[in-house]
Amino acid sequence: MSALRWAAALGNADWHLCAPLLVALAAAWHTDIATVTTGVAAYSLGQGLALPLWGWLADRYGPGCSLRTGLVVAAAASVGSALCPGPGWWVALRTAAGAGFATVTPSVSLYFETLRPAPARQRAFAALTTVSAASALASLAAMLLLPHAVDTTRLYEGTDTRAAALLLGSLAATAPVRHALGRLHGRAADLACGALVCGLAAYWAVTDGEHSPSLFTGGLFLHALAAAALIALLAGSPDGHAGRILGAAPPRRLGELSYSLYLWHWPLYVLLPPETLGFGGWPRAVALIGLSLLAAALSTYLLENPVRHRASWTTGRTGALVLAAALAATAVLWTLLPRPPLGAGSVDISQLAVGAREVAAGPALPGHCAPA
């Protein structure tokens, strides 16, 4: 248990401390924000690619060996990240750190599932509930208190400021919260679900994206809280009117595509601005939603499901060749795609570097960096 506690703490600290340092690192290495931010993406890539490796290692040599090996890799890579001389090393070492820390989540999950006796498991879940709630509030405080010198982009994409969404989802899945919400059933649960759905829909209708200050002064937190509560209520009362409506075929099919949709929508929005499409507003929104759904459906049914169900072409030498071809195609696509205008219309990247140097020199960071 002690090792798991340290692993979880170090993994969270390593991940959360990177985002606030990106501007300072770019200034120190005399490079742009995009290059340094690649290290954050590399961390996630390493984490995703390493999960099967740790699963195999845990099956063959035991979860303890998997956890210890992963922590050694992660510790070495994290120390190297702190000492590396430039962005190239930074990206490589962040990939290794993500790969190392990938062993933590399955190890913690296995620990909770196999914990005996029952009272010990209940105490562990209670501790998990407390930590999730406290961390979510800390993430909200970071969003409210962080100086706005890096504009809304920093608040929206910073791991420390957006961790509340994941933490509230984890909190809703814990036994104490499920038991508390489980007391609502029948008409009461339907009314609560209806109120949450109406509240979320109304907020979506009146919110103007990054131009809505309320999003960054508690709105995103309340949105995540309402969504987590809605999911928990529906899970506890699946046979109610709200459960039957939201459990119908169209929402279920959309849920099957949800992760692919999450991955596809953002690059499409970035790469297809109004200037490229020739139109904006609601027509652009409808077109991009359609393209995102199409891309999500194709990747789900042609790629993700075959890999998940171990189709013949995904295993053995054929699988290795397919993986190599996919990586090569991704690299070619990366070089062919036009570079999006970084921070256009919202933040002057050069001013971020200036602000970071001012912080390093001592004076306080100005309250806002106006775009040029």
Side-chain angles (χ1 to χ4, degrees), residues 1-111 131 135 138-139 142 154 157-163 166-167 170 263 320 323-324 326-328 330-331 334 353 356 360:
M1 181 60 179
S2 178
L4 288 175
R5 286 174 176 167
W6 277 105
L10 290 173
N12 285 327
D14 182 83
W15 172 257
H16 283 79
L17 288 175
C18 283
L21 296 175
L22 293 178
V23 175
L25 289 172
W29 288 329
H30 305 289
T31 187
D32 54 54
I33 297 293
T35 301
V36 179
T37 305
T38 304
V40 179
Y43 184 101
S44 300
L45 178 64
Q47 195 170 49
L49 292 177
L51 279 171
L53 170 64
W54 298 125
W56 172 83
L57 191 64
D59 290 340
R60 189 174 181 87
Y61 300 104
C65 177
S66 173
L67 178 62
R68 287 190 293 270
T69 306
L71 287 179
V72 169
V73 172
S78 296
V79 172
S81 299
L83 301 176
C84 66
W89 281 100
W90 160 261
V91 172
L93 289 167
R94 295 313 298 159
T95 306
F101 280 121
T103 187
V104 174
T105 300
S107 298
V108 172
S109 301
L110 287 172
Y111 173 82
V131 170
S135 300
S139 177
R154 168 65 181 86
E157 297 188 2
T159 307
D160 51 344
T161 54
R162 294 299 309 285
L166 294 175
L167 292 165
S170 301
L263 294 177
L323 177 60
L327 292 174
T330 302
W334 180 271

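Keep in mind it's a predicted model, so treat the numbers as computed, not measured.
- In this structure, Leu93 and Ala77 approach most closely via the heavy-atom pair O-CB, 3.5 Å.
- The closest side-chain heavy-atom distance from Ser81 to Trp89 is not below 4.5 Å.
- Nearest heavy atoms, Ser78 versus Phe101: OG-CE1, 3.7 Å.
- Looking only at side-chain heavy atoms (C-beta outward), Trp54 and Cys65 stay at 4.5 Å or farther from each other.
- Contact check for Thr69 versus Tyr61: no side-chain heavy atoms found under the 4.5 Å cut-off.
- Of all heavy-atom pairs between Thr95 and Ala42, the closest is OG1-CB, 3.1 Å.
- Rounded to the nearest 0.5 angstrom, Thr103 OG1 and Leu53 CG are separated by 9.0 Å.
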